[in-house]
Amino acid sequence: MPYPVTGVSPKQLPEWAALTQHAKEIKQTDLRRLFAEDTRRLNWSSIEVGPLHLDLSKNLIRKETLGLLVELARARFLPDAIVAMLTGEHINVSEDRAVLHAALRRGATLSGPIDGVNVGQEVEDVLGRMERLSRAIRSNERRGCTGKPFSAIVNIGIGGSDLGPEMVTRALYDFSDKGRRMHFVSNIDPTAIGDIFEVCDPETTLFVVVSKTFGTLETLTNAKAARQWILASLGDHADAVEKHFVAVSTNAKLVSDFGIDPENMFGFWDFIGGRYSVDSAVGLAIMLAIGPERFRSFLGGFAAIDAHLRETPLDENGPVLLGLLSVWYRNFFGTQSQAVLPYSERLARFPAYLQQLTMESNGKSVRIDGSTVDYGTGAVYWGEPGTDGQHAFYQLLHQGTILIPADFVLFAEPLGGPDAQQDLLFANGLAQTRALAFGRNDAELEALGVPEYLRPARRMPGNRPTTTILAQRLTPEVLGSLIALYEHSVFTQGVIWGIDSFDQWGVELGKELASELVPMLTSAGAPDLGAFDASTVDLVSRYRHMRGR
Ligand code: F6P
């Protein structure tokens, strides 16, 4: 291994024991007292990370807590791990691959080719080709096979080949060319692609088929349906597929087998994981929407965080501290979930995007050397935009019996609409962090004239931790920074836990079993279900019956 990862459980380290002891002390106090006892609390808990301001003060921590967490990080060789990642070592051990999403935005520090790839040059070449295509489409120079300009772009992909492009395109809608509609199809549910056929015109629709492997069932099935749809109305034109399809993949052979001209293929590399690929050619739909210059600003936002990660001491390092706080709650407070609450309508898909980033990365139970963990790893990430969430699930955050740390993402400036509403939006987000932190006690309820018998129901326990991430405005640069902040937080957590945050073997079995089941559902005669369990046999039979088979 490039950095000294061992099969040793972090639980056996003295640094872990120190944190266990320290957590007992923190559990004896609360956020009201923590704020009162340290008037300089904001000095060490406010951090500038690129264009983002991080306020860690409403976490269940003292200054000393961060020191102890940083000591744990050192004991797990986090600084070496950061260098190993950024220099292209094979830190994705189970797939024997480098992990180089930072190179997509010039955030890596490579001294030569990686696995035979001159990374910097190839990244720039692909970007250049993406830019040429984007300019040609956005200027209507490149058109469909009947000569009409494109009015709709349909991204077909799933997981990392969908969530990033979709989330970012939605988030940056105000920076995009609104004359061209963007659609995203991921689900194999026939209604997903069917909806596209209803609202789009084949003559003016461009499909961007995105699949790292070009072997993913959902994507290929939807792409084949799209090809059929195009050919059904434009089949007389020999160049219909060539004009209406482009592909993003690492697998040139399968792309060309599908019928897409390699000229229309934009590549990336094995060392870019699907969930870390939004800033690669996978982001082609984003570039088509917002244009090449703004896409470069988006990359610049990532790069600012990469530089921060590389150059900032651990105890002031935003993504590292965010990751260490996740470890703090997960392992020393026993929390199981983490809410992410963007106060931005445009970030509606950000929690879903983060679910793949965090849960596919850190939902692991063995360490890199194959030994089993004896501590919690990845938490469940979830969330919805504020203020909608306030009227749905915040009740449980405030008064429920489960402790759920929450990240609040706030912006000073709106992107559109009546300006004054931003003040209300911001006030709501800030108010929630205050209510969660400081609650309302019986004395305050009494002062408000609340009768004694109602006080238990109206008591707000407070002491619920939040981190506030504040930025001026949701620009391409800020969004890039926000994503990179979480990418490196996930990495930090994985290093502490000693797991491989860059593989995803857990999703493979389901894929295999699905392909085994398809013939059972569709065969003309009765299938041989002898090898299946009773539940599967029953459900297959019911399905066949319902489908008249
Ligand atoms: O869900 C598993 C997964 O491999 C993800 O990691 C990936 O983002 C997604 O499938 C799609 O894969 P591909 O881009 O190869 O189609």
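Every number for a ligand or one of its atoms is a count from 1 in the order of the listing. Here the structure is a predicted model, which is why all the values come from computation and not from measurement.
Using a 4.0 Å heavy-atom cutoff, E508 is absent from the residues neighbouring ligand 1.
Shown in contact with Q356 at under 4.0 Å from a heavy atom are these atoms of ligand 1, numbered in order with element: 5 (C), 6 (O), 7 (C), 8 (O). Less than 4.0 angstrom separates some heavy atom of T216 from each of these atoms of ligand 1: 12 (O), 13 (P), 15 (O), 16 (O). For ligand 1, the atoms lying closer than 4.0 Å to a non-hydrogen atom of V507 are 1 (O), 2 (C).
Atom OG1 of T221 sits about 4.0 Å away from atom CD1 of I188, to the nearest 0.5 Å.
Between G160 and ligand 1, a contact under 3.5 Å exists for at least one N or O pair. Between T219 and ligand 1, no N or O atom pair is found at a separation short of 3.5 Å.
A cation-pi arrangement, defined by a distance under 6.0 Å to the six-membered ring centre and an angle within 45 degrees of its axis, is present between R129 and F266. Judged by the 6.0 Å distance and 45° axis criteria, R227 is positioned over the aromatic ring of F258.
In this structure, F245 and F207 have parallel ring planes: the angle between them is below the 30° cut-off, well short of the 60° mark.
Within the 4.0 Å heavy-atom criterion, both parts of T213, backbone and side chain, lie near ligand 1.
Side-chain contact of S151 with T204: a donor-acceptor pair under 3.5 Å is present, judged by distance alone.
Comparing R275, Q504, K511, E360 against atom 5 (C) of ligand 1, the shortest heavy-atom distance belongs to E360.
Protein heavy atom at the shortest distance from atom 11 (C) of ligand 1 is I158 O, 3.2 Å.
A salt bridge links E124 to R296: one of the charged nitrogens lies within less than 4.0 Å of a carboxylate oxygen.
Here Y276 and F491 keep their ring centres 6.0 angstrom or further from each other.
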